[in-house]
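One structure is given below, encoded as structure tokens.
Residue numbers begin at 1 in each chain, while the letters A, B, ... track the order of the sequences.
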2 protein chains.
Amino acid sequence: MAPSTEPTRPLRSDAQRNRELLLGAARELFAERGIDVAMADIARHAGVSNGTLYNRFPTRTDLIEAVFLDRLERIVDLAGQALAVADPWQGFASYLIGVCELQADDRGFNEVAARNLADSPAARNLRAAALTGVTELLTRGARAGVLRADVTVEDLAFVIWGISRTVEITAGTAPRAWRRHLALAMDGFRAEGAHPLPEPPLPPGGVHPAPPKEN
Amino acid sequence: MAPSTEPTRPLRSDAQRNRELLLGAARELFAERGIDVAMADIARHAGVSNGTLYNRFPTRTDLIEAVFLDRLERIVDLAGQALAVADPWQGFASYLIGVCELQADDRGFNEVAARNLADSPAARNLRAAALTGVTELLTRGARAGVLRADVTVEDLAFVIWGISRTVEITAGTAPRAWRRHLALAMDGFRAEGAHPLPEPPLPPGGVHPAPPKEN
DNA sequence: CAGGAACTTGACGATGCCGTCAACTAATAG
DNA sequence: CTATTAGTTGACGGCATCGTCAAGTTCCTG
């Protein structure tokens with residue numbers, strides 16, 4: 001078969017401009033109000049008709065992926081920078097803190113981090129990249145004896161998910177509370193004082209939260 | 001002023017029966033589909049008109065409180081039973097496991113545990129009771145040197161909140177995953193290997209998530 | 001057993017969101 | 001400059017939920 005992405009001729013100039021207006025508006029509204037804002041609001045905020053919005057991004061998911069792809073890149077970066085930190089625990093910590101800061105700064109991203117969104121090929125690649133970086137981070141820490149040896153990358157999801165909830169609840173009233181939550185959670189990842197875990201880790205690749213039919 | 005709760009004459013017999021039908025239906029649907037089920041569904045499921053539902057429970061919150069009050073009682077019980085366990089760490093663990101089991105078994109309750117719902121006087125009382133029990137649980141553990149001394153009751157909310165997210169995401173695919181998450185989180189509460197926390201605890205009384213205006 | 005109060009019913013209007021489409025407008029290739 | 005195709009517009013129909021209310025029914029008191 002031919003390369004999966006067909007040449008896909010470039011957008012007309014005005015369409016390209018509108019696309020960027022829409023992405024900007026979505027980025028902003030997602031960050032402020034979460035990823036469930038009314039589509040019409042996004043269009044209006046971009047100064048464009050809803051028809052155009054649906055034209056460029058047929059589904060809300062398309063829009064979400066386009067908006068948050070760069071966050072994934074940022075995460076890959078974070079993993080890289082964390083590996084550059086000499087002290088294995090510090091590296092591990094800096095990675096998690098970095099990711100959680102992204103969550104705390106952007107309500108939309110916080111929501112995306114909780115569900116397991118983003119299935120485009122681009123997203124998959126970035127995720128894979130992050131995965132190898134973080135795996136290395138974990139094994140390095142385990143070898144150094146600072147990180148418990150029985151945790152897998154999938155266990156980090158528990159931290160992300162948990163922080164996402166704390167951010168969600170405390171964002172308005174105690175915007176730094178998540179740092180305490182994170183510190184407590186991280187102490188649970190230390191080799192020092194680790195006790196056996198009662199349950200096997202999640203399967204590699206994480207959990208796909210099944211069709212998101214709300215009811 | 002007179003005692004805040006007026007004598008409030010008893011319901012007529014049919015009304016009382018309908019009230020119980022409604023509570024039963026709500027309990028069931030909340031547990032299965034979460035606390036956002038359509039009001040009309042609850043009424044229909046109870047075999048009653050929506051008018052009657054609104055008559056008995058003017059707001060969804062009224063219904064939620066009525067449905068979940070007994071869960072709060074259960075939590076007070078759990079705290080008591082936990083204190084009866086000789087080993088302080090085991091007691092602490094049994095309490096948290098008990099609460100999280102409630103969350104895992106009831107989608108609605110899991111959602112309620114995440115937000116900080118329930119403000120009726122009855123709920124307040126029960127919460128206060130649970131609070132003192134759990135506080136005792138914590139100080140006992142700290143005195144025994146098994147629980148870190150720098151945690152407060154409010155820190156337990158981080159665990160509950162976090163588990164609530166994990167349950168939410170993994171309920172369909174890995175229904176026991178939360179036990180692993182909880183074990184990791186609890187290891188972060190051990191005195192053994194505790195590192196100083198970067199942020200003060202949440203204010204006593206916890207966080208009131210502000211008006212729940214969705215957007 | 002009557003009569004009034006308590007309660008129930010279900011249709012209804014209001015609201016808010018989604019996604020579509022026929023008619024219009026603007027970019028670009030030739 | 002024109003033809004043609006790409007892109008835009010915004011009104012519209014559909015859907016789901018909410019909460020109300022006038023009319024009808026059931027309970028209970030005297």
Could you list the residues that satisfy salt bridge (charged side-chain N to carboxylate O under 4.0 Å, His left out) with B:E20, not counting sequence neighbours?
-> none
By side-chain hydrogen bond (donor to acceptor under 3.5 Å, both in side chains), which residues pair with A:E101, not counting sequence neighbours?
-> A:R179
A:D41 CG to D:dG10 C1': how many Å, rounded?
-> 16 Å
Identify all pairs in which a protein N or O lies below 3.5 Å from an N or O of nucleotides 18-24 of chain C, and state each distance.
| unit_1 | atom_1 | unit_2 | atom_2 | d |
| --- | --- | --- | --- | --- |
| C:dC18 | OP1 | A:R60 | NH1 | 2.9 |
| C:dC18 | OP2 | A:M39 | N | 2.9 |
| C:dG19 | OP2 | A:Y54 | OH | 3.3 |
| C:dG19 | O6 | A:N50 | ND2 | 3.4 |

May I ask you to decide if B:A123's main-chain N or O and B:E65's side chain share a donor-acceptor pair within less than 3.5 Å?
-> no
Check side-chain hydrogen bond (donor to acceptor under 3.5 Å, both in side chains) between B:N18 and all other residues, then give those that pass, not counting sequence neighbours.
-> none
Verify the contact: side-chain N or O of A:T52 to OP1 or OP2 of D:dT9, cut-off strictly under 4.0 Å; return yes or no.
-> yes
Under the side-chain hydrogen bond (donor to acceptor under 3.5 Å, both in side chains) test, which residues partner A:D105, sequence neighbours left out?
-> none
Starting at atom CZ of B:R44, determine the distance to atom P of C:dA11, rounded to an integer number of angstrom.
-> 12 Å
Does B:D187 use its side chain to pair, donor to acceptor, with the backbone of A:H195 at less than 3.5 Å?
-> yes
note: A:I42, atom CD1; C:dC17, atom C1'; distance rounded to Å ~ 13 Å
With sequence neighbours left out, the residues meeting salt bridge (charged side-chain N to carboxylate O under 4.0 Å, His left out) with B:R165 are A:E168, B:E168
Residues touching DNA chain D, which here means a heavy atom under 4.0 Å, drawn from residues 16-32 of chain A = A:N18
Please check if the side chain of A:D155 supplies one atom and the backbone of A:T152 the other of a donor-acceptor pair under 3.5 Å.
-> yes
Write down the distance between CZ (A:R33) and P (C:dC17), rounded to a whole number of angstrom.
-> 9 Å
Pick base, sugar-phosphate or nothing for A:R56, based on heavy-atom distances below 4.0 Å to the nucleic acid.
-> sugar-phosphate
Any N/O pairs under 3.5 Å between the protein and nucleotides 28-30 of chain D? List them or say none.
| unit_1 | atom_1 | unit_2 | atom_2 | d |
| --- | --- | --- | --- | --- |
| D:dC28 | OP1 | B:S13 | N | 3.1 |
| D:dC28 | OP1 | B:S13 | OG | 3.2 |

Hey, what are the protein-to-nucleotides 22-24 of chain D N/O distances that come in under 3.5 Å?
none

B:S164 side chain to B:Q103 side chain, donor-acceptor N/O pair below 3.5 angstrom | no
Between the side chain of B:E136 and the main-chain N/O of B:L83, is any donor-acceptor distance below 3.5 Å?
-> no
Return the set of residues passing side-chain contact (heavy atoms from CB on, under 4.5 Å) with B:R19 (not counting sequence neighbours), or none when no residue passes.
-> B:L11, B:Q16, B:L23, B:R56, B:F57
Take atom CG of B:N55 and atom P of D:dC18, then tell me their distance rounded to the nearest Å.
-> 17 Å
Residue pairs involving residues 166-185 of chain B (criterion ring pair (Phe, Tyr, Trp, His ring centres under 6.0 Å); sequence neighbours excluded) = A:F158-B:H181
Salt bridge (charged side-chain N to carboxylate O under 4.0 Å, His left out) against A:R74, all qualifying residues, sequence neighbours excluded = none
